[in-house]
Structures are given as C-alpha cells and as structure tokens.
Enquirer: 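Below are the structure tokens for one structure; questions will follow.
Heavy atoms only: backbone and side chains are in, while hydrogens, waters and symmetry mates are out. Note that this is a predicted model, so its numbers are computed, not measured.
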Amino acid sequence: MRSMEIGVMNSLGKEPGRNIFAEVAEFGLKVCQLVNWNPDLWTEEMARRVVRDSKASGVRVCALWTGQPGPAQWNMVEGHTTLGLVPPEYREMRVAALKKGADFAKWIGVPAIITHCGFVPEEPTHPFHDGTVAAIREVAAYCKQKGLGFWFESGQETPVTLLRTIEDVGTGNLGVNLDPANLILYGKGNPIDALDVIGKYVRNLHAKDGLYPTTGRELGREVPVGKGKVRFPEFLKKLYKLGFRGELIIEREISGPQQAKDIRKTVNDLKRWRGRLK
Ligand code: MG
C-alpha cells in the first residue's frame with residue numbers, strides 16, 4: 001500500500017514535443033497533481049496525451065487541480081468578490097468550467113478534482129452564502145455521478161466554516177486538499193489545530209509553508225517548507241495518527257532555478273520526517 005507518497009505540483013500545457021511529466025520524473029518522483037487554469041485545454045485529445053505521457057514517464061496523477069476563468073485577486077480585500085464560487089456574477093461560468101474539469105479528470109482516470117471555492121462566508125446569513133453552497137453542491141453532485149471526489153483547497157475560510165460547508169453540501173464525496181500554508185497566509189487558522197476540525201476529510205496535502213499576514217489586507221509571505229509557521233514534523237505526525245496516508249504534494253509558488261532547488265530540498269526533508277512516523 002502506498003503511504004504518504006511524495007510528489008509535486010505539475011502544470012499541463014507544456015511545449016508539444018516534451019513529456020508533460022518530464023519535470024516530475026527529473027525530481028525522481030512518481031506522483032503529481034496536475035494543475036491547469038484554462039478549460040479550453042481540457043479536451044479528449046489532451047486527455048489521451050496525458051494518459052500516454054503518464055504511462056511513458058511512470059508518473060501517476062493523484063488529482064486534477066482545476067483553476068477557474070475570470071478575475072482573481074489574491075488578497076484580503078478583493079478576494080471575496082473575485083475568487084471561486086462565492087461572487088454571484090462568475091458562478092455560472094465557473095460551475096461550467098469545473099464540470100468540464102470533472103469530465104477531463106474522468107478521461108485521464110484520476111480520483112478527484114480540487115479547487116479553491118473562494119472566501120466562503122463565515123456567517124450563514126451572508127447574502128452570498130446559500131448561492132455558494134448551492135454552486136458547490138452542483139459541481140460536487142456532477143463529480144459524484146462520475147465516481148469522482150470534489151476536494152476543497154483549504155485556506156480562504158476558517159476550518160470550521162469549511163467543515164460546515166462540507167456538512168451543508170452533503171454529497172458524501174467531499175474532501176480537503178489541505179494546504180497548511182494557505183491557512184497561515186490568509187490568517188485563517190493554525191494547521192495543526194485545524195486537524196481537530198477537518199482532519200478526517202484530508203485526502204491530499206500540499207507541502208507548502210508560510211508566514212502569517214502582517215497587514216490586514218495582504219496575504220502573508222510564502223517561504224520554503226521548514227522555514228515557516230507550519231511546523232511540519234509535528235503536523236505530519238498528527239496527520240499520520242489520524243490515519244492520513246494520502247499524497248504529500250510539494251507546492252513552491254516561485255519559478256526558476258530556486259524553485260527546483262527548494263523542491264529538491266523539500267523532497268529530502270519530507271523523506272526524513274516521514275521516516276520518523278510510527
Ligand atoms: Mg495549495
């Protein structure tokens with residue numbers, strides 16, 4: 001049985017001649033989450049290429065991370081009205097995109113799609129609340145009918161709001177792609193304590209780290225794994241005790257040689273920390 005296999009985020013839509021999973025294999029890894037923000041690329045032809053390249057490279061896709069079209073402001077003042085399924089004016093377009101993502105996920109044979117649902121309102125009486133829950137339910141039900149899971153990327157809402165949303169949507173195929181750094185970057189919670197609330201729903205993990213916000217408007221700063229506030233060894237120990245055995249997917253949101261260097265270091269650190277679990 002696979003147990004806490006280490007992988008990395010990998011984007012779709014590379015140059016035609018190159019295997020989609022070449023970079024994953026170069027890190028010596030055999031699993032990834034495939035991420036893309038352009039629904040126009042989620043075609044049957046592209047799905048065939050993903051399946052072919054996955055086989056050729058020996059790299060498995062454990063989930064599809066589906067971005068959504070339209071504006072996106074990653075901060076604490078405009079995020080509520082631009083991100084995910086929360087702002088009413090983008091809901092219909094984004095529900096359609098996520099259903100398209102579910103079709104693509106089915107074609108490439110992965111168990112679930114993941115997305116940021118947005119700043120799900122903390123209070124159930126908020127005017128955007130019921131419409132958001134209904135939109136999530138529509139996508140989750142579509143996934144369920146295809147035998148897929150729908151997993152929330154964590155962090156834009158508090159853990160208890162995420163738990164209540166999972167209860168309210170109630171389709172039974174919901175899970176959490178826990179990004180512990182996001183909880184910190186958005187100032188929404190402490191990842192270790194969050195496991196008391198949403199621990200049983202965690203399906204995949206993003207190995208990412210960060211610092212808390214120092215203004216009320218901008219996110220905190222993402223830093224290399226081990227340099228932020230997550231406290232990974234303790235965090236992994238608690239996840240393991242809860243029975244989590246899903247994939248640890250490294251996400252480092254910078255680019256260039258430093259990104260590759262940080263990812264390699266994180267692979268080694270995760271192996272060391274994982275080796276101490278029992
Ligand atoms: Mg993430």
Side-chain angles (χ1 to χ4, degrees), residues 4 6-11 27 29 32-33 35 37 62-63 65 67 72-76 79 83-84 114-120 151-163 175-199 201-240 242 244 246-256 258-274:
M4 286 187 159
I6 298 165
V8 67
M9 291 299 270
N10 183 52
S11 54
F27 287 121
L29 301 173
C32 70
Q33 281 179 5
V35 54
W37 285 74
C62 62
W65 207 108
Q73 296 293 333
W74 306 98
N75 62 55
M76 261 88 84
L83 297 174
I114 302 167
T115 199
H116 267 302
C117 286
F119 284 72
V120 178
W151 299 346
F152 294 83
E153 172 88 11
S154 71
Q156 287 166 350
E157 60 291 300
T158 56
V160 74
T161 291
L162 183 49
L163 178 63
V176 176
N177 180 65
L178 185 58
D179 186 324
N182 284 349
L183 282 170
I184 292 168
L185 299 176
Y186 288 89
K188 294 290 186 178
N190 171 299
I192 293 170
D193 296 337
L195 294 177
D196 289 341
V197 183
I198 50 170
Y201 288 105
V202 180
R203 301 290 177 263
N204 269 188
L205 187 79
H206 276 175
K208 190 173 103 183
D209 212 337
L211 305 174
Y212 284 100
T214 53
T215 85
R217 293 170 177 270
E218 297 296 328
L219 303 192
R221 189 162 55 87
E222 190 216 350
V223 295
V225 168
K227 302 264 191 237
K229 296 288 187 179
V230 173
R231 311 205 306 269
F232 266 92
E234 195 186 334
F235 178 60
L236 292 174
K237 204 171 182 178
K238 188 161 171 179
L239 270 169
Y240 188 82
L242 279 168
F244 174 79
E247 288 80 5
L248 313 177
I249 301 296
I250 299 166
E251 182 177 38
R252 181 68 173 117
E253 303 198 86
I254 58 173
S255 55
Q258 189 61 44
Q259 185 193 39
K261 206 173 149 191
D262 289 350
I263 290 171
R264 286 183 198 284
K265 180 172 187 310
T266 301
V267 171
N268 289 331
D269 287 342
L270 288 173
K271 280 183 184 165
R272 198 172 66 249
W273 297 329
R274 189 183 59 183

Enquirer: Pick from W65, W37, F152: which one makes a ring pair (Phe, Tyr, Trp, His ring centres under 6.0 Å) with H116?
Expert: W65
Enquirer: Between R274 (side chain only) and M4 (backbone N and O only), is there a donor and an acceptor less than 3.5 Å apart?
Expert: yes
Enquirer: Looking only at atom types and distance, does a side-chain atom of Q259 sit under 3.5 Å from a main-chain N or O of R252, one as donor and one as acceptor?
Expert: yes
Enquirer: Just verifying a value: how many Å separate I6 CD1 and I249 CD1, rounded to the nearest 0.5 Å?
Expert: 10.0 Å
Enquirer: Before you tell me yes or no, could you show the steps for M9 and E253 under side-chain contact (heavy atoms from CB on, under 4.5 Å), namely the whole-Å CA-CA distance, both residues' side-chain angles and the distance that decides it to 0.1 Å?
Expert: CA-CA 10 Å; M9 291 299 270; E253 303 198 86; over 6 Å; no
Enquirer: Atom NZ of residue position K229 - does it have more than 12 heavy atoms of other residues, nucleotides or ligands inside 6.0 Å?
Expert: no
Enquirer: Among all residues two or more places apart in sequence or in another chain, which pass the side-chain hydrogen bond (donor to acceptor under 3.5 Å, both in side chains) test with D209?
Expert: none
Enquirer: Please report the closest heavy-atom contact between I198 and P159, naming both atoms and the distance.
Expert: CG2-O, 3.5 Å
Enquirer: Tell me whether E157 contacts the main-chain N or O of L162 through its side chain, where contact means a donor paired with an acceptor under 3.5 Å.
Expert: no
Enquirer: Going by distance alone, is a donor N or O of one side chain under 3.5 Å from an acceptor N or O of the other, for N75 and E218?
Expert: no
Enquirer: Apply the test side-chain contact (heavy atoms from CB on, under 4.5 Å) to residues L195 and F244: give CA-CA distance (whole Å), side-chain angles for both, the deciding distance (0.1 Å), then the verdict.
Expert: CA-CA 11 Å; L195 294 177; F244 174 79; over 6 Å; no
Enquirer: For Q73, which residues count as a side-chain hydrogen bond (donor to acceptor under 3.5 Å, both in side chains) partner, sequence neighbours excluded?
Expert: none
Enquirer: Using modelled atom types and a 3.5 Å cut-off, is there a donor and acceptor pairing between side-chain atoms of S154 and backbone atoms of D179?
Expert: yes
Enquirer: Would D269 and R272 count as a salt bridge (charged side-chain N to carboxylate O under 4.0 Å, His left out) if you check the C-alpha gap in whole Å, the side-chain angles of each, and the deciding distance to 0.1 Å?
Expert: CA-CA 5 Å; D269 287 342; R272 198 172 66 249; 3.0 Å; yes
Enquirer: Ignoring hydrogens, what is the shortest heavy-atom contact between Y212 and P191? Give both atom names and the distance.
Expert: OH-CD, 4.4 Å
Enquirer: Quick one: CG on L236 to CG on L270, what's the gap to the nearest 0.5 Å?
Expert: 6.5 Å
Enquirer: Could you tell me whether K208 and E222 make a salt bridge, using a distance below 4.0 angstrom between a side-chain N and a carboxylate O?
Expert: no
Enquirer: Does the side chain of M76 come within less than 4.5 Å of L219's, by heavy atoms?
Expert: yes
Enquirer: Not counting sequence neighbours, which residues clear salt bridge (charged side-chain N to carboxylate O under 4.0 Å, His left out) with R221? List them please.
Expert: none
Enquirer: Apply side-chain contact (heavy atoms from CB on, under 4.5 Å) to residues V267 and V8 and explain how you reach the verdict.
Expert: CA-CA 9 Å; V267 171; V8 67; over 6 Å; no
